[in-house]
Amino acid sequence: MTLPSRVQLIDVGPRDGLQNEKQPVPAAVKIELVHRLQAAGLSEIEVTSFVSPKWVPQMADNAEVMNGIQRQSGVRYSVLTPNLQGFEAALKTRPDEIVVFGAASEAFSRKNINCSIAESIERFAPVVQAALAAGIAVRGAMSCTVGCPYEGEVDPQAVADVAATLYQMGCYEVSLGDTIGVGTPGRTRQMLDVVARKVPVEKLAGHYHDTYGQAVANIYASLEAGVAVFDAAVAGLGGCPYAAGASGNVATEDVVYLMNGLGIHTGIDLDALVDTAGWISERLGRPPASKVARAVLAKRAKPV
Ligand code: HMG
Ligand code: MG
């Protein structure tokens, strides 16, 4: 077993991290967050989502945020699009990549995007076709790949089936979400091994929420399985409005610290990322959820 020598991290903080914030976060703060993340070395940033503002009010400023960012060459900017209406609105803001997002559990699919898994696939097909025709890359994201807040344990075979459908439809990569962070390394590995029989492992990414504190361990297990792309959110921001109690994504700085320790290249400056974690946490009025950010900030405040 050899671990990869480099890993791609996608910061989903501006989207997944902020979508569930109850207090309105000004577009200017979201824009500055993107700027700080790219300055810290992130090469892909999930900026916002083009979903219904009635369902997710925090993302209602999607176009303002996308149009407000100063793009840096070499950085990819992606946005979530659940349907053609979202895609058409997103297209005007020139994303490099769109993300169609489904689920491995029927109940979650209905709660999150108001349709069955089969209906979601039907909706995604024209979105994927339109995006590819416009030269925009398409990523697939899946929720509840380990457990579902409504249905409990999820069968890895069900995950593999939806992942394969998204991949065959034209998604260049499928991000596997442990939406409620219930996975442990053995269970995560089992799911990945089943999915990798249908989708090449180099086309899979991990998206692990840290609700039970297992996300870093699950990332290590995923590295061992051959996965080399992970979603994470600076400061451990995040949650899903349709998964009560789900806490944030794994913190990007926790993942960078892990990778630095393993000698795996990410291209990300840990100090600049910790600055960003401190900055956004101050804007939100709470300390960073990330242990690494807290440790580094405490050490800076009181060096031994
Ligand atoms: P719907 O109500 O079934 O849609 O919602 P509809 O087609 O029947 O349209 C109803 C109304 O919504 C209409 O407006 C449409 O214009 C509007 P009205 O006539 O009532 O004024 N509408 C839209 N508005 C803006 N943008 C759109 C759009 N589509 C319709 N794209 C819909 C279906 C998918 C839109 C809705 O269920 C929705 O927005 N859901 C929110 C989903 C979401 O953002 N969830 C969080 C992100 S996913 C996530 O966090 C998980 C992930 O991180 C992985 C993990 O951790 O598991 C990715
Ligand atoms: Mg998520």
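Since the structure is predicted, the reported quantities are computational estimates derived from the model, not experimental observations. Ligands are counted one by one from 1 in listed order, and the atoms in each one are counted from 1 as well.
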Visitor: Which of the numbered atoms in ligand 1 are below 4.0 angstrom from a heavy atom of Pro82?
Guide: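 Contacts of ligand 1 toward Pro82, numbered from 1: 31 (N), 34 (C).
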Visitor: Please check if the side chain of Asp210 supplies one atom and the backbone of Gln214 the other of a donor-acceptor pair under 3.5 Å.
Guide: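 Yes, because the side chain of Asp210 sits within donor-acceptor range (under 3.5 Å) of the backbone of Gln214.
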Visitor: Output the list of atoms in ligand 1 that are nearer than 4.0 Å to some heavy atom of Asp16, sorted by atom number.
Guide: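 Those atoms are 53 (O).
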Visitor: If the threshold is 4.0 Å, N to carboxylate O, is there a salt bridge linking Lys291 and Asp254?
Guide: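 Salt bridge absent between Lys291 and Asp254.
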Visitor: Does a salt bridge link Glu153 with Arg187, judged by any charged N lying under 4.0 Å from a carboxylate O?
Guide: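 Salt bridge between Glu153 and Arg187, a charged N being under 4.0 Å from a carboxylate O: yes.
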Visitor: Please confirm whether Gly238 approaches ligand 1 to less than 4.0 Å, judged on its heavy atoms.
Guide: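 False for this residue.
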Visitor: In degrees, rounded to 10 degrees, what angle do His207 atom NE2 and His209 atom NE2 make at the Mg ion (ligand 2)?
Guide: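 An angle of 90° at the metal.
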Visitor: Yes or no on side-chain contact (heavy atoms from CB on, under 4.5 Å) for Asn62 and Ser49, after CA distance, side-chain angles and deciding distance?
Guide: CA-CA 6 Å; Asn62 42 31; Ser49 55; over 6 Å; no
Visitor: May I ask you to identify, for Asn83, whether its side chain, its backbone, both or neither come under 4.0 Å of ligand 1 on a heavy-atom basis?
Guide: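 Side chain only.
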Visitor: Any salt bridge linking Arg123 with Glu119? Criterion: basic side-chain nitrogen under 4.0 Å from a carboxylate oxygen.
Guide: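 No.
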Visitor: Kindly give the atom name of the N, O or S atom of Asp16 closest to the Mg ion (ligand 2).
Guide: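 The Mg ion (ligand 2) is closest to the Asp16 atom OD2, counting only N, O or S.
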Visitor: Of the side chain and backbone of Arg15, name the one, both, or neither that has a heavy atom under 4.0 Å from an atom of ligand 1.
Guide: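 Answer for Arg15: side chain.
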Visitor: Taking only heavy atoms of Phe50 into account, list the atoms of ligand 1 that are under 4.0 Å away from them.
Guide: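 The list of qualifying atoms is 26 (N), 27 (C), 31 (N).
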Visitor: Within this structure, what is the CG-OG distance for the pair Asp11 and Ser78, rounded to the nearest 0.5 Å?
Guide: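 Spacing of CG (Asp11) from OG (Ser78) equals 10.0 Å.
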Visitor: Against Tyr77, only a single residue in Gln38, Arg71, Glu46 fulfils side-chain hydrogen bond (donor to acceptor under 3.5 Å, both in side chains); can you say which?
Guide: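 Between Tyr77 and the candidates, side-chain hydrogen bond (donor to acceptor under 3.5 Å, both in side chains) is satisfied uniquely by Gln38.
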Visitor: Tell me, please, whether Tyr172 has Arg139 positioned over its six-membered ring: NZ or CZ under 6.0 Å from the ring centre and within 45 degrees of its axis?
Guide: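 No, a cation-pi geometry is absent between Arg139 and Tyr172.
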Visitor: Just jot down the ligand 1 atoms closer than 4.0 angstrom to any heavy atom of His209, in number order.
Guide: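 Selected atoms, number and element: 56 (O).
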Visitor: Any nitrogen or oxygen of Lys54, side chain or backbone, less than 3.5 Å from one on ligand 1?
Guide: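 Min N/O separation from ligand 1 is below 3.5 Å for Lys54.
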Visitor: Could you tell me, atom by atom, which parts of ligand 1 come under 4.0 Å of a heavy atom of Asn112?
Guide: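 Heavy-atom distances to Asn112 below 4.0 Å select 37 (O), 40 (N), 41 (C), 42 (C), 43 (C), 45 (N), 46 (C), 48 (S).
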Visitor: Could you please spell out the steps behind the side-chain contact (heavy atoms from CB on, under 4.5 Å) verdict for Val127 and Ile98?
Guide: CA-CA 9 Å; Val127 176; Ile98 58 137; 3.6 Å; yes
Visitor: I'd like to check the salt bridge (Lys or Arg N to Asp or Glu O under 4.0 Å) partners of Lys203; sequence neighbours left out, ordered by chain and number.
Guide: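 With sequence neighbours excluded, Lys203 shows a salt bridge (Lys or Arg N to Asp or Glu O under 4.0 Å) to no residue whatsoever.
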Visitor: Below 4.0 Å, non-hydrogen atoms only: which portion of Met59 touches ligand 1? Side chain, backbone, both or neither.
Guide: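 Met59 to ligand 1: no contact under 4.0 Å from either part.
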Visitor: Taking non-hydrogen atoms only, is Val51 closer than 4.0 angstrom to ligand 1 via side chain, backbone, both or neither?
Guide: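 For Val51, backbone and side-chain atoms both sit under 4.0 Å from ligand 1.
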Visitor: If we set the cut-off at 4.0 Å for heavy atoms, which region of Cys115 has an atom near ligand 1: side chain, backbone, both, or neither?
Guide: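 For Cys115, no heavy atom sits under 4.0 Å from ligand 1.
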Visitor: Evaluate Phe101 for polar contact with ligand 1, using N/O atom pairs at a separation under 3.5 Å.
Guide: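 No, Phe101 has no N/O under 3.5 Å of an N/O on ligand 1.
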Visitor: Are Val12 and Val75 in one and the same hydrophobic cluster, where Ile, Leu, Val, Met, Phe, Trp and Tyr link if side-chain heavy atoms are under 4.5 Å apart?
Guide: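 The answer is no; the residues belong to distinct hydrophobic clusters.
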Visitor: With atoms numbered from 1 as shown, which atoms in ligand 1 lie under 4.0 angstrom from a non-hydrogen atom of Val56?
Guide: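 By the 4.0 Å cutoff, the relevant atoms are 41 (C), 43 (C), 44 (O).
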Visitor: Heavy-atom distances under 4.0 Å decide this one: backbone, side chain, both or neither, for Ser52 against ligand 1?
Guide: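 Both of them.
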